[in-house]
Amino acid sequence: MSRRIFIAGNWKMNLLLVEALELVGKLKEQLRDVKAVDIAVCPSSVYVQQVAKSLSDSNIGVGAQNVYYREKGAFTGEVSTGMLIDVGVKYVILGHSERRHILNETNEDVNLKTQAVLASGLTPIVCVGELLAEREAGTTELVIKSQIESAFVNVAAADMKKCVIAYEPVWAIGTGKVATPDQAEEVHLFIRNLIEKKYGKDIAESVRIQYGGSVNDENAKEILAKPNVDGALVGGASLKVEPFVKIVKSAL
Ligand code: PGA
């Protein structure tokens with residue numbers, strides 16, 4: 001089974017509008033000929049509309065960094081899937097470690113959001129990953145198992161197929177300490193086996209699993225070469241044209 005590589009840039013709370021538009025203007029030009037890789041950028045929610053508009057004639061999709069799971073109502077400060085669809089969004093990052101650890105998002109929140117995103121027709125990018133202390137204590141698999149199992153509660157097989165998972169060891173995010181290709185592959189395979197146990201081989205083989213955590217233009221090629229690594233969720237290195245273009249092209 002061959003899975004299309006998917007490279008997404010997670011801009012987090014960076015770039016003002018003029019910087020964002022300048023960046024996507026150049027990405028669009030320099031990545032125009034890339035056909036074999038799926039590409040997305042995930043701006044702050046206030047800019048998704050303008051970024052999506054600027055990318056509407058390109059091969060680069062737009063993702064949001066979060067969403068609320070209710071359709072509408074009295075939820076001050078939140079954004080719905082319908083609103084994201086309205087402004088041209090295709091993907092939604094869910095359960096990023098910064099949301100889990102800084103904004104106290106729980107496994108249950110991630111599950112509700114995953115269900116809402118799937119019901120809306122958007123594609124979730126569900127993030128999981130262990131803390132350094134958990135890795136050192138030898139509990140990586142336990143943590144990942146519980147995050148994966150709870151994220152996909154009440155998710156039917158047909159929907160599971162559409163999900164993207166991002167394995168992002170928390171100790172590797174923004175630290176410059178990238179997981180070795182073998183460390184990434186080991187957890188990716190573990191995740192794929194968990195999906196297989198619940199949904200069967202065909203679905204497990206079709207789900208894309210991105211790696212995230214200090215991916216840059218120097219280490220991307222080696223990580224992406226691993227059989228169970230199907231792309232990357234890129235933070236810091238997605239904020240500039242050259243490294244992001246190189247990361248995408250290293251997947252070709
Ligand atoms: P990083 O972030 O590439 O800056 O480590 C990745 C992420 O948090 O998605």
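Every heavy atom of this structure was used, including side-chain atoms; hydrogens, water molecules and symmetry mates were not. Just so you know, ligand 1 is whichever comes first in the structure, and atom 1 is the first atom listed for that ligand. No experiment lies behind these values; they were computed from the predicted model shown.
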Could you go through ligand 1 and list every pair where one of its N or O atoms sits under 3.5 Å from a protein N or O, giving the atom names and the distance to one decimal?
residue  : atom  : partner : partner atom : Å
ligand 1 : 2 (O) : Lys12   : NZ           : 3.3
ligand 1 : 3 (O) : Ser214  : N            : 3.4
ligand 1 : 3 (O) : Gly235  : N            : 2.8
ligand 1 : 4 (O) : Gly236  : N            : 2.9
ligand 1 : 5 (O) : Gly174  : N            : 2.6
ligand 1 : 5 (O) : Ser214  : N            : 2.7
ligand 1 : 8 (O) : Lys12   : NZ           : 2.7
ligand 1 : 8 (O) : His96   : NE2          : 2.6
ligand 1 : 9 (O) : Asn10   : ND2          : 3.4
ligand 1 : 9 (O) : His96   : NE2          : 3.3
ligand 1 : 9 (O) : Glu168  : OE1          : 3.3
ligand 1 : 9 (O) : Glu168  : OE2          : 2.7

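Listed by chain and number, the residues in a side chain to side chain contact (heavy atoms under 4.5 Å, CB included) with Ser58 are Lys28, Leu55, Ile60 (sequence neighbours excluded). For Phe244, there are no ring-ring contact (aromatic ring centres under 6.0 Å, His included) partners at least two apart in sequence or on another chain. Legend: residues meeting ring-ring contact (aromatic ring centres under 6.0 Å, His included) with Phe190, ordered by chain and number and at least two apart, are absent.
Of the candidates Asp217, Asn10, Asn216, Ile247, Val234 forms a side-chain contact (heavy atoms from CB on, under 4.5 Å) with just one, namely Ile247.
Look at Arg99 and Asp109 and you find no salt bridge, because none of the NZ, NE, NH1 or NH2 atoms lies under 4.0 Å from a carboxylate O.
In this structure, Lys198 places its NZ atom where more than 12 heavy-atom neighbours from other residues, nucleotides or ligands lie under 6.0 Å away.
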